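Numbers here are sequence positions counted from 1. All values reported here derive from a predicted model rather than from experimental measurement. Atoms considered below: every heavy atom in the structure, side chains included; atoms not considered: hydrogens, waters and symmetry mates.
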Amino acid sequence: MKAALQLKFGQQLAMTPQLQQAIRLLQLSSIELQQEIQQALDSNPLLQVAEDTAQNETTSDASDTQKETPQQESSEPSAQDSSELMASNSISEELAVDTSWEDVYSSNSGNTGIALDDELPIYQGETQTNLFDHLLWQLELTPFSETDHAIAIAIIDAIDDQGFLTLSTADITASLSLPDVEEDETVAVLKRIQQFEPLGVGSRNLQECLLLQLHALPDETPRKQQACEILENHIEHLANRDYKLIIKDTKLKESELISILQLIQQLDPRPGSKIGHNDIEYVVPDINVIKVNGKWTVFLNNTDMPKLEVNQHYATITGANSDDNQYIKDQLQEAKWLIKSLESRSDTLLKVAKCIVETQQEFFEKGEEAMQPMILNDVAEAIDMHESTISRVTTQKYMHTPRGIFELKYFFSSHVSNDDGEDKSSTAIRALIKKLVAEENTAKPLSDNKITALLAEQEVKVARRTVAKYRESLGIAPSSQRKRLV
C-alpha cells in the first residue's frame, strides 16, 4: 500500500449551462418559447430584435444542410442525446468574444421557396366566467335573509362543474356555523337556487335535474306529463334502454314513446357544463403542411417569433474596469448561445415533422383510417437521433394540416399484426370501429363480435377483446347501451 500518481486519458460529456439551455428550449411549446425569448430580451442588453422585423412565411421541401440538434426534457439528459447536441452546430466549441460576430437568428430558419400570404390560425377557447361566480352573481341579485344568504353560499360552494350538488343537505346544514338552522331550511334555500340559470343546477341526481327542466316547460308542451311519469317511475329502464319493458308497464305505443324520448333528449343532463370554467387556452401550430404541385410540403410557423440578433453597439463597448468587460463578455456569449439553440430547435423540429409527413402520406390523402403504424424509434432511426429526443420534440408541438390541427404525438401508434402478419396502425383500427358504430342501425347496434367480423371482411383481423378495448378507449358504450328508438 502506497500513494502514487497515475495519468489516464478519457472522454467525458460535460453538461454545460449552454447545453442544458439548448435541451430545455427544444421541449417548450410555441407560447412558452415566446415567453422565454421575451425574458431573454428583457434581461440581456446584448440581445435585440432585428431591425428588419418583417417575417416572410416560407416553406422548404428538403434541406440537406440542416443541422441536427436533438434535445431532451429532463434535467438529466442521456449521454447519447447530449452527444448529438455537442456534435451539431459545433456547440462544444468555445464562442469567441469578438465585436465583428454577425450571426443572426431568423425564426424562419431552414425555410425557402413558397411565400404564404395568409397567417396561420391561432385557436383559443371562449372567455367565460366559471359556474361558481355565475351562481354567486345571481345570488346577489336575489332577496335572501342574512341566514338564508349564508346557507346559499354553502350550497353554491358544494356544486360541481357539471351543476350537481356534491354534499347532502344534512352535511351542508352540519357544516354551517349558524345556530338553530334545520335541514328543512337548507332544503328550502336549495329549491330556490335550483331555479337559477342554468336550469337544473343544484340537483342531487340526474333524475331531479331532468325533472326540474321538465317542470319548467309550459303545461301545453306535448307529452310533458308522460315524460315526467317515465322519469319518476322508469328512469332505470330508460338508462338501460329497456324500451320494451317501459312500453309494457306504461301501455304506451312505440310511436308515443318515441315522442316522449324526443322530448327528454332535449333536456340537458349536465347543466353546469354550459358555463365555462377554464381560462383561455391557446394552441399555436408549430408546423404547417400544405400540398404544393402534388407534393406534401412542410414548413415552420414562426409568424409570431421575433428575429434575434446581437446588439453590435453594446458589443463594441469597452468597460471602465475588468468587471464591466467581463459582464459584456458573458452577456454576449449568452446571446450567441441562445441564437444557436433556437436555430437548432427549429432545424430539429422541421426534420422530425418532415419524417412524420413522409411516413403518413396515406393519412393526409385518405384520413385516419389510412394511418400507418409508426413508433418513436422509427423516426429516431430515420433521422439518426435518439428516441428520447423524438419524444421531447413531439410533445406540445402541433401540426396544422388540411385535415385539422394535431399534436405531433398523434401520428404515432402501435403496430397491430393480423393473422397474415401484416401490421396495421391501432389508430386506423380505432377509426374503422368508430365509423362502423356511426353507421350502425341504432335499433340493432353492432356487438363486438359483429364488429370483429366486419373488420375481418376489410382484411383487418383482430381479436374481439382488442375490439372491445379500442371501443372503450373511444368512449363508445356496449351495444346494449347504444340501442335507441330515436
Colleague: Determine whether Met385 and Thr348 satisfy the following criterion, side-chain contact (heavy atoms from CB on, under 4.5 Å), listing intermediate values before the conclusion.
Modeller: CA-CA 10 Å; Met385 290 184 178; Thr348 304; 4.0 Å; yes
Colleague: Please evaluate residues Thr169 and Thr186 with respect to the criterion side-chain hydrogen bond (donor to acceptor under 3.5 Å, both in side chains), reporting the C-alpha separation (whole Å), side-chain torsions for both, the decisive distance (0.1 Å), and the verdict.
Modeller: CA-CA 6 Å; Thr169 52; Thr186 302; over 6 Å; no
Colleague: Under the criterion side-chain contact (heavy atoms from CB on, under 4.5 Å), which of Leu436, Leu455, Leu432 is the partner of Val467?
Modeller: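 Checked Leu436, Leu455, Leu432 against Val467; only one passes side-chain contact (heavy atoms from CB on, under 4.5 Å): Leu455.
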Colleague: Let me see the working for His234 and Glu229 under side-chain hydrogen bond (donor to acceptor under 3.5 Å, both in side chains), right down to the final yes or no.
Modeller: CA-CA 8 Å; His234 304 282; Glu229 292 176 0; over 6 Å; no
Colleague: Are the side chains of Ser273 and Gln162 in contact, using a 4.5 Å heavy-atom criterion?
Modeller: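 Sidechains of Ser273 and Gln162: in contact.
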Colleague: Restricting to side-chain hydrogen bond (donor to acceptor under 3.5 Å, both in side chains), what partner residues turn up for Ser479, sequence neighbours left out?
Modeller: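 Testing Ser479 for side-chain hydrogen bond (donor to acceptor under 3.5 Å, both in side chains), a comparison that skips the adjacent residues, returns none.
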Colleague: Would Glu365 and Lys291 pass as an ion pair if we require N to O under 4.0 Å?
Modeller: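 Salt bridge present between Glu365 and Lys291.
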Colleague: For Arg345 and Leu28, indicate whether the former's side chain and the latter's backbone hold a donor-acceptor pair under 3.5 Å.
Modeller: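 Yes; at least one donor-acceptor contact below 3.5 Å.
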Colleague: Check this for me: does any side-chain nitrogen of one of Glu440 and Lys450 sit under 4.0 Å from a carboxylate oxygen of the other?
Modeller: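 Looking at Glu440 and Lys450, the cut-off is not met.
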Colleague: Take Gln27 and Thr395, measure what side-chain contact (heavy atoms from CB on, under 4.5 Å) needs, and give me the verdict at the end.
Modeller: CA-CA 7 Å; Gln27 66 190 11; Thr395 301; over 6 Å; no
Colleague: Apply side-chain contact (heavy atoms from CB on, under 4.5 Å) to Leu261 and Ile258, showing your working.
Modeller: CA-CA 5 Å; Leu261 293 178; Ile258 290 176; 5.5 Å; no
Colleague: Return the orientation label for the Phe363 and Phe411 ring planes: parallel under 30°, perpendicular over 60°, tilted otherwise.
Modeller: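 Perpendicular: the ring planes of Phe363 and Phe411 meet at over 60°.
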